[in-house]
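Chain letters run A, B, ... following the sequence lines, proteins first and then strands; every chain starts at 1.
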Amino acid sequence: MSDPFTLDDAPPPAVIPSPASGPAPEPPWLTSLNPEQRQAVEVTEGPVLVLSGAGTGKTRVLITRLAYIIGRRLAQPRQILAVTFTNRAAREMRERVAGLVGPMAESLWLGTFHALGVKILRKHGELVGLKSNFTILDTDDQTRLLKQVMEAEGIDHKKWPVQVLLGAIQRWKDKGLTHDRVTSAMAGDLAAGRAVDLYRQYQERLTTLNAADFGDLLLHCLTLFQDHAEVLAEYQDRFKYILVDEYQDTNVAQYLWLRLLCQKHHNLCCVGDDDQSIYSWRGAEVGNILRFEKDFKDPKIIRLERNYRSTPTILAAASHLISHNTDRLGKTLKTAGDANTEPGDPIIIRGVWDGPEEARWVVEEIEAAQSKDQKLASMAILVRAGFQMLEFEERFITTGVPYRVIGGPRFYERMEIRDAIAYLRCIHAPTDDLAFERVVNKPKRGIGEASVQKVHVFAHSAGLSLMEAAFQLCETDELRAQTRKSLGTLITDLARWRSLRETMPPADLAAQVLDESGYTDMWQRDTSPEAPGRLENLKEFVGGLEEWDTIPAFLDHVSLVMENDNQANDDAVTIMTLHAAKGLEFDTVFLPGWEEELFPHRRALDEGGGAALEEERRLAYVGLTRARKKVFASFAANRRIYNQWQASLPSRFIVEFPEDCVEHISDSGLMGSAAPGFSGGWNSGWQTQKTSRAPDIAGDTWQAHKRESAGTYQVGMRIFHQKFGYGVIRAVEDTRLDIAFEKAGQKKVLDSFVEPA
DNA sequence: TATTTTGGTCTTTTT
DNA sequence: GACCAAAATA
């Protein structure tokens, strides 16, 4: 095999780094570091673990370390591997390194685990059964594929949902387990005890399709390294220095991947914070941090504890909150500034009546800050779950305040975009059966399920791809003349477009395909309200394609990045999940929805043990420490979930704030007289709460209400509701009442929210 | 075949 | 209430 890595014309000399070894003046980006940071940069040899609290300059250390290694000529950029968790982090890191060392940064191996895995598999994939143009499946494709396998095996999909099995397979992959290493004990009675076999068949289907799912990107790498020592040796040789960001979020597979790669030079530097481990549900093992000392001999452990980001108040609150966790390495964050730094504003805590009210309040605060010349871009709303975003969006739209949602409904996951991509996939890889299936009757060409099934059966028996099978079937009388004709047209069209791809830029090709296939037409004729939006998205899609020179490059981007990063640089408030916020910082942070069952989330509470709860608390810690100056936390007494109003209690995390760091503010105008439970004002209620542990807000009034309510309400009764006013009960079902309100119309409400009128 | 109706499940968090 | 899948209907 030709060695692609022998191009290094001038291997750098192995210099033992030492600040005193040369008279060269030290650049400012080095001298401005604090002693611990500097150590983390300069100890280049051997394993290094940097335990880095929130806001302690972890990213800066990583970037400086990269620049230092390059600047000292300890290695060429192409001999350095730097791994991040998100594409955003990777992009940012590359930009900032480039700022220090210039265009050399281009040749760094820098990216997410998955992106780097793809890079390796594109080169050596044949050794594990993947051709270099293999497809990367998204969640949707994975589900459909596994579903096909399960259906073929006659597994009852009602009893054993696809998602559950898929989740199990993914977790196995996270642990680095190929199907032959999963024991039946691990599988249990999952999928009627057939889980392991189904896993195997799923992998077989993937191989036939020349496709890999997300977990495979790492798992195949591991297999490759284990079975082909010469390939592993190449990479081990090449990567003189390895840097890992967010190490606390690595899973077992990623850990093994790293361990294999660093075995020659042993220069592995991992940066992480166990208090910010929030991805255990995705297979992340905080244990990787704890194992570091055992698995890598004589590691240097460096703690960064000086926080440069937040005010002392925020820091104190965050530290106090996280100290409720028992399972941690333990570290204290100190403010980095002078001893007499101003403590900063207290954390504002506010209880409101319901979700919309909360949104109203948050946006009011944002507008107030804006009128004091604070940039909207310096403010963020961090939510626990995606559905919370809607209320804020609505409010921003009505008030006209610019906002930006990160990680919302993803562009590339929209139906029309996935269809368009499927066309490109068919053109690029004729064997991509999943894409073909998606496209075959979109727009409607009279090729129904029955015909597709025939193609399927034939393809399977003859060992052909769907497209090839369809082509051959068109030569026979198996299919109806009508079907045969349109199927034939589709296949010739696809072939024609394929022949254009050498000469035509992807954007133009896509435009032509969407046009000639009738796909655009389909939406233009569609009269549903969302059709114009879809056409708009397709336009944007074609526009976005212009950045790409080749289809495969674009397809990789789509499957790995999944987000459209045309981030307008307008001044806008950011809305995102707490998970997405990790690694970012803002002057002002809003933390809405701090209610029991939402945050901490019900699922975390249900799952026994304290582990899940501790992860929720870490999430709270991440949220708090995103703020530089000011934090607003809030909770609503009522929240609508599935069209049901539900009473909720303030999150236990609110109680865990140290009292001298917070300021409770009550809802005067709106709430004052309207809500009995609220009128007393917060402060008094909260004083007693700490000891009694039963928040007064819902305390006596509501609890009593709940108890007495069973049976008190009957059809025909006239009642009063805080939000909807007066009404008459139409139906009673358990604690749910169907009420015809005089003003608000017919609603379903919980009995605890009404009182006899 | 295509469209409508019904019935069941939902919401954590993401590469 | 929204979204999906399967059944019923045109």
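When base pairs are accepted only as Watson-Crick or G-U wobble with both N-N or N-O distances under 3.5 Å, DNA chain C takes part in stems of 3 or more pairs at B:1-10 with C:1-10.
Contacts between residues 278-285 of chain A and DNA chain B, counted as heavy-atom distances below 4.0 Å, involve A:Tyr279, A:Trp281, A:Arg282.
The side-chain hydrogen bond (donor to acceptor under 3.5 Å, both in side chains) test applied to A:Asp213 returns A:Lys173, A:Tyr202, not counting sequence neighbours. By the side-chain hydrogen bond (donor to acceptor under 3.5 Å, both in side chains) test, A:Gln142 is found to be paired with A:Gln170, residues two or more places apart in sequence or in another chain being considered. Remark: A:Lys147 pairs with A:Glu151, A:Val162 by the side-chain contact (heavy atoms from CB on, under 4.5 Å) rule, at least two apart or across chains. Residues that satisfy the side-chain contact (heavy atoms from CB on, under 4.5 Å) test with A:Leu256, not counting sequence neighbours, are A:Leu222, A:Val252, A:Arg259. In this structure, the ring pair (Phe, Tyr, Trp, His ring centres under 6.0 Å) partners of A:Trp594, at least two apart in sequence or on a different chain, are A:Phe599, A:Phe657. Listed by chain and number, the residues in a side-chain contact (heavy atoms from CB on, under 4.5 Å) with A:Asp432 are A:Thr135, A:Arg425, A:Ala429, A:Leu434, A:Ala435 (sequence neighbours excluded). For A:Arg603, there are no side-chain hydrogen bond (donor to acceptor under 3.5 Å, both in side chains) partners at least two apart in sequence or on another chain.
For the pair A:Arg639 CZ and B:dT11 P, the computed distance is 18 Å after rounding to whole Å. For the pair A:His114 NE2 and B:dT15 C1', the interatomic distance rounds to 4 Å; values are reported in whole Å. One atom, CZ of A:Arg603, and another, P of B:dT11, lie 7 Å apart when rounded to the nearest Å. When rounded to the nearest whole Å, the span between CD of A:Gln163 and P of B:dT13 equals 14 Å. Between the CG atom of A:Leu218 and the P atom of B:dT14 there is a distance of 19 Å, given to the nearest Å. In this entry the distance linking CD1 of A:Ile406 with P of B:dT15 reads 11 Å, nearest Å. Atom NZ in A:Lys582 sits about 16 Å away from atom P in B:dT13, given to the nearest Å. Taking atom CD1 of A:Ile136 as the reference point, atom P of B:dT14 lies 20 Å away to the nearest angstrom.
Ranking C:dA6, B:dT15, B:dT13 by closeness to the A:Asn87 side chain, first place goes to B:dT15. The side chain of A:Thr577 approaches B:dT13 more closely than any other nucleotide in the set B:dT15, C:dA5, B:dT13. Closest to the side chain of A:Ala385, from the set B:dT13, B:dT15, C:dA5, is B:dT13. When each of B:dT15, B:dT11, B:dT14 is scored by its nearest atom to the side-chain atoms of A:Phe387, the top-ranked nucleotide is B:dT11. Listed nucleotides: B:dT14, B:dT15, C:dA5. Nearest to the side chain of A:Ala580: B:dT14.
Taking the nucleotide of DNA chain B with the nearest heavy atom to each of A:Pro161 and A:Leu619, the more 5' of the two is matched to A:Pro161.
Going from atom CG of A:Leu110 over to atom CG of A:Leu81 covers 8.5 Å, rounded to the nearest 0.5 Å.
A side-chain hydrogen bond (donor to acceptor under 3.5 Å, both in side chains) with A:Arg639 is found for exactly one of A:Gln388, A:Glu597, A:Glu595, namely A:Glu595.
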Chi angles and distances behind the side-chain hydrogen bond (donor to acceptor under 3.5 Å, both in side chains) call for A:Tyr403, A:Glu393: CA-CA 8 Å; A:Tyr403 71 97; A:Glu393 286 196 67; 2.8 Å; yes
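Note on A:Phe113: nothing from the nucleic acid sits closer than 4.0 angstrom, heavy atoms only.
Comparing the P positions of C:dC4 and B:dT13 gives a spacing of 16 Å, expressed to the nearest Å.
Note on A:Thr139: every side-chain N or O is 4.0 Å or more away from OP1 and OP2 of B:dT14.
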